[in-house]
Novice: 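Before we start, here is the structure in question, set down as structure tokens.
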Amino acid sequence: MHWLWVLIVGAIIGAIAGAITSKGKSMGWISNIVAGLVGSSIGEAVLGSWGPQLAGMAIVPSIIGAVILVWLVSFILFRH
């Protein structure tokens with residue numbers, strides 16, 4: 001049951017990151033989950049696990065990490 005919550009929270013974090021970077025409409029739900037989970041790992045590794053936590057993920061560092069990840073991936077893939 002814990003993994004289900006991790007996937008749901010990862011999807012929400014990825015959707016928030018997509019909305020902040022205005023790339024949310026071009027991302028699918030699988031991309032939101034991946035961006036949320038990978039961004040959470042990056043954010044917590046760099047910034048630590050401070051602030052409120054949900055499903056074992058610190059929300060604020062996770063969102064910051066996901067925003068950075070979405071921005072970098074969109075910059076690399078969609079450079080014109």
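Values below: all heavy atoms of this structure, side chains included; hydrogens, waters and symmetry mates excluded.
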Novice: For a 4.5 angstrom cut-off between non-hydrogen side-chain atoms, does Val6 reach Met57?
Specialist: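 Yes, at least one pair of side-chain atoms sits under 4.5 Å.
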Novice: State the CD1-OG distance between Ile59 and Ser40, to the nearest 0.5 angstrom.
Specialist: 8.0 Å
Novice: With rounding to the nearest 0.5 Å, note down the distance linking CD1 in Ile12 to OG in Ser62.
Specialist: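 Here the rounded value is 12.0 Å.
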Novice: Locate the shortest heavy-atom distance separating Ala66 from Ala35; write the atom from each residue and the value.
Specialist: CB-O, 3.7 Å
Novice: About how many Å separate CD1 of Ile63 and CD1 of Ile13, when rounded to the nearest 0.5 Å?
Specialist: 6.0 Å
Novice: Pick from Ile64, Leu69, Leu47: which one makes a side chain to side chain contact (heavy atoms under 4.5 Å, CB included) with Ile42?
Specialist: Leu69
Novice: With rounding to the nearest 0.5 angstrom, report the CH2 to CD1 distance, Trp71 to Ile76.
Specialist: 9.0 Å
Novice: Are any of the side-chain heavy atoms of Leu37 and Leu7 separated by less than 4.5 Å?
Specialist: yes
Novice: Could you check if a side-chain atom of Ile68 sits within less than 4.5 angstrom of a side-chain atom of Val46, using non-hydrogen atoms only?
Specialist: no
